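Here's the structure we're looking at; comments come further down.
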Amino acid sequence: MRKIALDIGTVRIGIATSDPMGIIASGYETFVRTKDYESDLKNIARLAEEKQADTFVLGLPLNMDGTEGEKVREIRAFADDLSKYTDKKIVFQDERLSTVSAEKALIESGMRREKRKKVVDKVAATIILQSYLNRY
């Protein structure tokens, strides 16, 4: 079944999905968070149903030395909250430097700054998901 990756930020959530065989990750969308946190969680949970996904892969922003900081605690809290709206499996994937890698790839492709801001989270989610898929 499909997997869905989330690159969770305070303003945007990058979303990527896998193919049905769980081999290839593709960027899906950049979700702009609203002021209604519960509604955001419901929309993300609904996406798993629509895409027939069985797993959420959440990027875990570990510190460079592998320790967990405040941002990791926020992601784990998000996962706990999301689990109240879905029965899908929720796993974590180390996302160190995923946004940096995404930004670098977009710059190398010649994409202008304004456009990069709109897609970098989706590309980072794709990197997170492909890293997860490569492990399994």
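Keep in mind that what you see is a predicted model, and the values were worked out from it rather than measured.
A 4.5 Å side-chain heavy-atom check between Lys51 and Arg2 finds at least one atom pair inside the cut-off. Counting only heavy atoms from C-beta outward, the side chains of Arg76 and Glu68 approach each other to under 4.5 Å. Counting heavy atoms from C-beta on, the side chains of Leu129 and Ser18 come closer than 4.5 Å. Between Lys122 and Arg12 there is no side-chain heavy-atom pair separated by less than 4.5 Å.
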Taking it one step at a time, do Asp7 and Glu95 satisfy side chain to side chain contact (heavy atoms under 4.5 Å, CB included)? CA-CA 8 Å; Asp7 180 38; Glu95 70 154 83; 3.3 Å; yes

Just do the salt bridge (Lys or Arg N to Asp or Glu O under 4.0 Å) check on Lys71 and Glu74 with the steps written out, would you? CA-CA 5 Å; Lys71 190 66 177 163; Glu74 291 173 17; 3.5 Å; yes

Kindly indicate, with the supporting measurements, whether the criterion side chain to side chain contact (heavy atoms under 4.5 Å, CB included) is fulfilled by Lys88 and Thr55. CA-CA 5 Å; Lys88 306 303 180 195; Thr55 305; over 6 Å; no

Given side-chain hydrogen bond (donor to acceptor under 3.5 Å, both in side chains), test Asp40 with Thr34 step by step and report yes or no. CA-CA 7 Å; Asp40 290 351; Thr34 68; 2.7 Å; yes

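The main-chain N or O of Ser83 is never found under 3.5 Å from a side-chain atom of Thr86 such that the two would form a donor-acceptor pair. Of the possible polar contacts, none joining the Gln93 side chain to the Leu133 backbone as a donor-acceptor pair under 3.5 Å is found.
Closest of all the heavy-atom pairs between Ala125 and Ala5 is O-CB, 3.5 Å.
By the 4.0 Å N-to-carboxylate-O rule, Lys89 lies too far from Asp54 to be salt-bridged with it. A salt bridge links Glu70 with Arg73: at least one charged nitrogen is closer than 4.0 Å to a carboxylate oxygen.
To the nearest 0.5 Å, atoms CD (Gln52) and OG1 (Thr17) are separated by 12.0 Å. Considering CZ of Arg33 and OG of Ser39, their distance stands at 11.5 Å, rounded to 0.5 Å.
The environment of Glu50 atom CD is dense: over 12 non-hydrogen atoms of other residues, nucleotides or ligands sit within 6.0 angstrom.
Under the 4.5 angstrom side-chain criterion for Ile, Leu, Val, Met, Phe, Trp and Tyr, Met1 has no cluster partners at all. Through direct or indirect side-chain contacts shorter than 4.5 Å among Ile, Leu, Val, Met, Phe, Trp and Tyr, Val11 is connected to no other residue. Through chains of ILVMFWY side-chain contacts below 4.5 Å, Val72 is grouped with Ile4, Leu6, Ile8, Ile13, Ile15, Tyr28, Phe31, Tyr37, Leu41, Ile44, Leu47, Phe56, Leu58, Leu60, Leu62, Ile75, Phe78, Leu82, Tyr85, Ile90, Phe92.
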